[in-house]
Amino acid sequence: GEDVEQSLFLSVREGDSSVINCTYTDSSSTYLYWYKQEPGAGLQLLTYIFSNMDMKQDQRLTVLLNKKDKHLSLRIADTQTGDSAIYFCAESYTGTASKLTFGTGTRLQVTL
Amino acid sequence: KAGVTQTPRYLIKTRGQQVTLSCSPISGHRSVSWYQQTPGQGLQFLFEYFSETQRNKGNFPGRFSGRQFSNSRSEMNVSTLELGDSALYLCASSWTIKTYNEQFFGPGTRLTVL
C-alpha cells in the first residue's frame, strides 16, 4: 500500500544543519522526491533520487535513501531563514511517474 | 518561459453549487495532473491527463471530473459541492508521464465552500 510518513515539525537555528525524515511502505517506489512549499505558494521540486541510488548531493542538499528500512532523509546544510517552509517527500512508480504520493509534510522553522 | 498558471486563484462557493477550475501547463508540456491539498488529508492525487486522455485517477467520488483540451490546457469540475471540498487545488504539468521528468506546480486555486 501507499503510505508516506513524516514528522510534523522541526526547529533549527540559522547556520545549523536540518535533517528531515520520511518513511514509506511501498518498496516498489521507483522515484523519491523532496518538495518545498512556502506560504501561499505551490510546490517546488528541490531534488529527487532514483530507488537504485543511496545518496545524492546537490549544493546544500543531501538526500539519503535506506531501502532496507524504507527511509528517506533530506539534509540541508547551513540552514537559512529562507529555508523556512513545509517540506514534503513524495514517491512515484515506473509507468506512472507523474502520479505522486505525498508525505504528510514537515514544517521547518529556522530561528535566529 | 511562463510557468503553470491556474485560474481563478481564489473562489468562494456555497454547498450544492458546482465549480470549474482551469490550468494552463507550461508550453510544450502534454501531461497535467491535479491534486487536492487539505489540512486533514494532506496532498492527494485527483487525476492525470495526457494527450486529452485520463491516464490515472485517484480515490475521489465521481463528483470530481476533469478534461484536457488539444492545447493541453486542463479543467477540473466539482459538482454538488460539499463543505469538505474546501481545499487548495494544485495542478502540475510535465512533458511526459512514464519516465521521470520534473513536474512543475502552479500556485493553486483556493476553493472555499460555505
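Computed from heavy atoms alone, side chains included, the values below leave out hydrogens, waters and symmetry copies. Order of the sequence lines fixes the chain letters, A, B, ..., with proteins taken first and strands second; residue numbering starts at 1 for each chain.
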Report task. May I ask you to decide if the ring planes of A/Tyr48 and A/Tyr33 are parallel, tilted or perpendicular, using 30° and 60° as cut-offs? Result -> tilted

Report task. Return each pair, listed once, that meets ring pair (Phe, Tyr, Trp, His ring centres under 6.0 Å) where at least one residue sits in residues 51-90 of chain A; pairs must be two or more places apart or across chains. Result -> none

Query raised in the report: Does B/Glu82 pair with B/Arg63 as a salt bridge, N-O distance under 4.0 Å?
Result: yes

Query raised in the report: So, B/Arg67 and B/Glu75, do they make that salt bridge, N to O below 4.0 Å?
Result: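 B/Glu75 and B/Arg67: salt-bridged.
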
Under 4.5 Å from any heavy atom of chain A, what part of [X] do you find: side chain, backbone, both or neither?
X        : answer
B/Arg9   : side chain
B/Leu90  : side chain
B/Phe104 : neither
B/Gln37  : side chain

Query raised in the report: In terms of heavy-atom proximity below 4.5 Å to chain B, should A/Gln44 be classed as side chain, backbone, both, or neither?
Result: neither

Requested in this report: Select, from B/Cys91, B/Pro107, B/Gly108, the one with the greatest count of heavy-atom pairs under 4.5 Å involving chain A.
Outcome: B/Pro107

Report task. Give the minimum heavy-atom separation between B/Cys23 and B/Val4, together with the two atoms involved. Result ->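 Closest heavy-atom pair between B/Cys23 and B/Val4: SG-CG1, 3.8 Å.
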
